[in-house]
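Below is one structure, written out as structure tokens, with a few remarks after it.
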Amino acid sequence: MRKAPSDFFNHVYAIVAQIPHGCVLTYGQIAAMAGNPRAARIVGYAMNSAPDDRDLPCHRVVNRIGEMAPGLIFGGADRQRAMLEAEGVTFKPDGCIDLDKHLWWPKK
DNA sequence: ATGCTGACAGGAG
DNA sequence: ACTCCTGCCAGCA
């Protein structure tokens, strides 16, 4: 039984892995779901350490403004943008994701 | 064991 | 309105 690195990390992975297509989540949002609204940074760290075993759609995880990392992601922010658009996510001329439309809320 | 860093968020100036 | 700084939590050296 896969020993979890941490309940927190495990929780984050579970949440991210359940994000539906065409939707995105913010680190703070995920952190709050995991139980630590203050651990937004940890969520990002978890993504960095994110094992591909989990098939983590880290490209659906963005910061509060809907912008992705400078390019530390799986292949490039530009790559992520194309990926999200392919799922139905729209971007603002600013280059940020339209959180107002695609911000996933698990029960609201 | 301690300190530093880090895919963020939020408050203050 | 925008920008800068601090705070928080967990992993890693």
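Chain identifiers are assigned alphabetically (A, B, ...) following the order of the sequence lines, protein sequences preceding nucleic acid strands; residue numbering begins at 1 within each chain. Only a predicted model underlies this, so the values are computations on that prediction, with no experimental measurement involved. We use all heavy atoms of the structure for the numbers below, so side chains are in, but hydrogens, waters and symmetry mates are not.
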Contacting residues from residues 14-36 of chain A, given that a heavy atom lies under 4.0 angstrom of DNA chain B | A:Thr26, A:Tyr27, A:Gly28

Taking the side chain as every heavy atom from C-beta outward, state whether A:Tyr27 and A:Met47 have any atom pair closer than 4.5 Å.
-> yes

Measure all distances between protein nitrogen or oxygen atoms and nitrogen or oxygen atoms of nucleotides 6-8 of chain C, and list the pairs falling under 3.5 Å.
| unit_1 | atom_1 | unit_2 | atom_2 | d |
| --- | --- | --- | --- | --- |
| C:dG7 | O6 | A:Arg41 | NH1 | 2.8 |
| C:dG7 | N1 | A:Arg41 | NH1 | 3.3 |
| C:dC8 | N3 | A:Arg41 | NH1 | 3.3 |

Any donor-acceptor pair under 3.5 Å from A:Asp94 side chain to A:Cys96 backbone | no

Can you find a heavy atom in the side chain of A:Met33 that is under 4.5 Å from one in the side chain of A:Leu25?
-> yes

Figure out the CE/C1' separation between A:Met68 and B:dG6, and round it to whole Å.
-> 20 Å

May I ask you to test the A:Val62-A:Glu67 pair for a side-chain heavy-atom distance under 4.5 Å?
-> no

Please examine the side chains of A:Arg81 and A:Met68, heavy atoms only from C-beta on, and report whether any two atoms are closer than 4.5 Å.
-> yes

A:His11 has an atom NE2; how far is it from atom P of C:dC9, in whole Å?
-> 17 Å

Using whole Å, report how far CG of A:Asp7 lies from P of C:dG11.
-> 10 Å

Is there a side-chain contact between A:Val16 and A:Arg60 (heavy atoms, below 4.5 Å)?
-> no

Would you name the heavy atoms of A:Gln80 and A:Val61 that are closest together and state the gap between them?
-> NE2-O, 4.0 Å

Determine whether A:Glu87 and A:His102 make a side-chain contact, defined as any pair of heavy atoms from C-beta on separated by less than 4.5 Å.
-> no

Can you check the A:Arg79 CZ to B:dA7 P distance for me, whole Å?
-> 22 Å

Provide, to the nearest angstrom, the distance between the CD atom belonging to A:Glu67 and the C1' atom belonging to B:dA9.
-> 16 Å

Which residue lies more 5' along DNA chain B, comparing A:Val62 with A:Tyr45 via nearest heavy atoms = A:Tyr45

To the nearest Å, how far apart are A:Phe9 CZ and B:dA7 P?
-> 12 Å

Shortest non-hydrogen contact between A:Ala17 and A:Arg54, atoms and distance | CB-O, 4.3 Å

Spacing between A:Met83 atom CE and B:dA7 atom P, to the nearest angstrom | 21 Å

From CG of A:Asn48 across to P of B:dT5 the rounded distance in Å is 16 Å

Hey, which of these two, A:Arg64 or A:Ser49, hits DNA chain C nearer its 5' end, going by closest nucleotide?
-> A:Arg64

